[in-house]
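As structure tokens, the structure follows; a few thoughts come after it.
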Amino acid sequence: MAESKTNLELAESWDAMDLVPNWELEWWWIAIAGFALIFFILLAYFIFRKTKAFDPTKAKREAYQEALTELEKIDDSLGKDNVILVSLVIRKYLAKSMNEPALYETHEEFIGRHDAIHDLDEELKFKITNYFSELAAMKYGPFEEQFIGLTTLKQKAMNLLERMYNS
């Protein structure tokens with residue numbers, strides 16, 4: 001009997017990984033990813049930043065205008081409360097324009113602090129501390145004896161504010 005040859009040969013099996021195309025990481029892929037990352041970080045920084053450049057002269061001018069406006073709004077009918085309001089206006093001005101903690105201090109603490117309003121000359125410092133002492137005497141003393149009048153209070157406060165602003 002003659003041996004018959006069949007044309008059916010078994011093919012080699014293919015490994016599944018051989019069917020997946022080769023992909024190599026190119027340098028430009030890394031560059032694109034790096035630029036995208038830097039772009040999104042800078043974009044997030046500019047969108048979410050909250051601090052703005054601080055301009056001391058602008059802050060001083062705005063604090064001065066606000067203080068004058070608040071002094072004009074004070075009502076004559078408040079009586080002794082006007083003394084507190086005038087003191088508060090000057091303290092707010094000092095806090096906003098000179099970064100002083102005067103808003104959160106008593107007048108004794110303010111006067112006793114040696115580094116208080118260090119940017120001003122000695123004569124103006126003396127006038128400010130004396131004015132705070134006058135206001136404290138009016139706040140805590142008998143109203144009728146110590147009260148000098150709202151117009152005088154406002155005028156003294158405006159004079160001090162103007163001198164502080166211009167110094």
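Partner of N159 under the side-chain hydrogen bond (donor to acceptor under 3.5 Å, both in side chains) criterion, out of Q155, K156, E162: Q155 alone.
Checked for salt-bridge contact, K92 and E100 miss the test: no charged N lies under 4.0 Å from a carboxylate O. Note on E70 versus K73: no salt bridge recorded, every NZ/NE/NH1/NH2 to OD/OE distance being 4.0 Å or above. The pair E105-R91 does not meet the salt-bridge criterion, since no charged nitrogen lies less than 4.0 angstrom from a carboxylate oxygen.
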Verdict with supporting geometry, M158 and E72, side chain to side chain contact (heavy atoms under 4.5 Å, CB included): CA-CA 10 Å; M158 286 182 183; E72 291 298 323; 2.7 Å; yes
Evaluation steps, side-chain hydrogen bond (donor to acceptor under 3.5 Å, both in side chains), between E134 and N130: CA-CA 6 Å; E134 282 180 44; N130 278 348; over 6 Å; no
Trace of the side chain to side chain contact (heavy atoms under 4.5 Å, CB included) decision for M164 with K60: CA-CA 10 Å; M164 285 187 280; K60 193 173 183 179; over 6 Å; no
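Nearest approach of K125 to L120, heavy atoms of both residues: CE-O, 3.4 Å. Contact record, L71 with K154: O-CE, 3.0 Å, taken as the closest heavy-atom pair. Between K96 and A63, the shortest heavy-atom contact is CB-CB, 3.8 Å.
Panel note: side chain S87, backbone V83; no donor-acceptor pair is recorded below 3.5 Å. Remark: side-chain polar atoms of Y131 are paired, donor with acceptor, to backbone N or O of L153 under 3.5 angstrom.
Residues that satisfy the side-chain contact (heavy atoms from CB on, under 4.5 Å) test with A67, not counting sequence neighbours, are V89, Y93, L161. Evaluation of the side-chain contact (heavy atoms from CB on, under 4.5 Å) rule for K58 yields D55, R61, E62 as partners, not counting sequence neighbours. Taking the side chain to side chain donor-acceptor pair (under 3.5 Å) definition, one finds that D121 meets it with nothing, sequence neighbours left out.
In the hydrophobic clustering of this structure, F40 does not group with L42; members are Ile, Leu, Val, Met, Phe, Trp, Tyr whose side-chain heavy atoms approach within less than 4.5 Å, directly or through other members. In this structure, I32 is not a member of the same hydrophobic cluster as F35, with clusters built from ILVMFWY side-chain heavy atoms closer than 4.5 Å.
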